[in-house]
Each structure stands twice: as structure tokens, then as C-alpha cells.
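Everything on this sheet refers to the single structure shown next.
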Amino acid sequence: MNVVLVEPEIPPNAGNVARLCAAARATLHLVEPLGFKLDDAQLKRAGLDYWRHLAWHRWPNWTAFQQQLPADARLWLIESKGPRSYAEAHFAPGDYLVFGRETTGLPAEIIAQYPDSWLRIPMFHDQVRSLNLSNCVALVLYEALRQQGFTSEI
């Protein structure tokens, strides 16, 4: 599996996602601009010493990320206003789970490119706008792994 953070802003969130990806053997893609430096202490602290066990890539922008995608790549955009729940998707090995900035989500231009792959995490309180980014990644990534039977578990 692949986890893509588009323009993440908060170092501890990215660090938590890095640790999650290391544990799940998912590849992390960080798409710039980043709201922090990669040597940020909070980023490192949240990722603990798992960075060395993580497969990850840094991309200068969305276009550079897209250009490296295999022709058959399947992207799933997880955004608060997606028309379908993430639980309705059928995930496959190698899929890309794409998440946007903590404050503004994914740019409309990216969503417009993949309208049939736009998913949401259900919310049950009208005064709560969103969940923490690292929690969102954990929910969707582990649902994708569950659907695959947790085949690579140690």
C-alpha cells in the first residue's frame, strides 16, 4: 500500500503517519510544500526511531508525484465531503491512499482528476469538521489491509 500526504502541515501528524506506515509496511509519499522541515524535532519524536524502517519518497509537487505513477495506479482520495464512505471501496495491494492538508484538505483540482475515487470517513456530529490526519490514515490504511486479509502480518 501507499500513503500520500499532500502538503502536510503539522510535524507530529506526519511523524505518526510515518510510524504507522513503517508498521504496516506501506510506502509514504510526502508531496511538497511541507509545513515543516524534515529535521523537525516533533516530526522525529512522533516517528520515534522507525524512520529507518520506512520506505518513503519526497516529491516537489503533485505533478512530479503523478508523473512517477504506474499507468495502472489506483488512487483513493480521502476527503471530508467525498460521496462514498471509505468502507464501500474495494482496496487492492499497491493502491495509493491520498490525504490533504490538515487545514484545507485536498485541492479541488486534484479531486476533479479522480471524482470516482473520492471517499470520506463518516462523521456523526454536525459541529465536528474532521478527524486528526494520522487517525484518518490509520482508519483507511487498516481497512485496506483488512480487506487484503492482513497477508503480510508478522
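Just so you know, these numbers come straight off a predicted model, no measurement behind them.
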Tell me whether [X] shares a hydrophobic cluster with [Y], the cluster being built from Ile, Leu, Val, Met, Phe, Trp, Tyr side chains joined at under 4.5 Å.
X: Leu20; Y: Ile121; result: yes
X: Leu97; Y: Leu145; result: yes
X: Leu139; Y: Phe99; result: yes
X: Leu69; Y: Trp76; result: no

Kindly indicate whether the side chain of [X], heavy atoms from C-beta on, has any atom under 4.5 Å from the side chain of [Y].
X: Phe65; Y: Val6; result: no
X: Pro8; Y: Leu30; result: yes
X: Val17; Y: Leu28; result: yes
X: Leu5; Y: Val137; result: yes
X: Trp56; Y: Cys21; result: no
X: Ser80; Y: Met123; result: no

Residues forming a side-chain hydrogen bond (donor to acceptor under 3.5 Å, both in side chains) with Arg58, sequence neighbours excluded
Glu32
Would Glu109 and Gln113 count as having a side-chain donor-acceptor pair, cut-off 3.5 Å?
no
Which of parallel (below 30°), tilted (30 to 60°) and perpendicular (above 60°) describes His29 and Trp59?
parallel
Indicate the ring-plane relationship of Trp62 and Tyr114, choosing parallel, tilted or perpendicular according to the 30° and 60° boundaries.
perpendicular
When rounded to the nearest 0.5 angstrom, what is the spacing between [atom1] in [X] and [atom2] in [Y]?
X: Arg120; Y: Glu79; atom1: CZ; atom2: CD; value: 12.5 Å
X: Ser85; Y: Leu119; atom1: OG; atom2: CG; value: 7.5 Å
X: Asn132; Y: Asn13; atom1: CG; atom2: CG; value: 4.5 Å
X: Trp118; Y: Leu106; atom1: CH2; atom2: CG; value: 9.5 Å
X: Ile10; Y: Ser134; atom1: CD1; atom2: OG; value: 9.5 Å
X: Leu54; Y: Arg25; atom1: CG; atom2: CZ; value: 11.5 Å

Taking it one step at a time, do Met1 and Gln148 satisfy side chain to side chain contact (heavy atoms under 4.5 Å, CB included)?
CA-CA 10 Å; Met1 297 299 300; Gln148 297 165 48; 3.1 Å; yes
For the residue pair [X] and [Y], what are the closest heavy atoms and their distance?
X: Leu131; Y: Cys136; value: CB-SG, 3.6 Å
X: Phe91; Y: Tyr86; value: CE1-O, 3.5 Å
X: Asn61; Y: Val31; value: C-CG1, 3.4 Å

For residues 87-106, the salt bridge (Lys or Arg N to Asp or Glu O under 4.0 Å) pairs (sequence neighbours left out) are Glu7-Arg101, Glu9-Arg101, Arg74-Asp95
Would you sort out whether Leu141 and Val3 count as a side chain to side chain contact (heavy atoms under 4.5 Å, CB included), showing the intermediate values?
CA-CA 8 Å; Leu141 177 58; Val3 171; 4.2 Å; yes
Decide yes or no on side chain to side chain contact (heavy atoms under 4.5 Å, CB included) for Val140 and Glu143, but give the supporting numbers first.
CA-CA 5 Å; Val140 180; Glu143 171 59 17; 5.6 Å; no
Leu75 vs Ser117, side chain to side chain contact (heavy atoms under 4.5 Å, CB included): CA-CA, chis, key distance, verdict:
CA-CA 7 Å; Leu75 278 69; Ser117 301; 5.5 Å; no
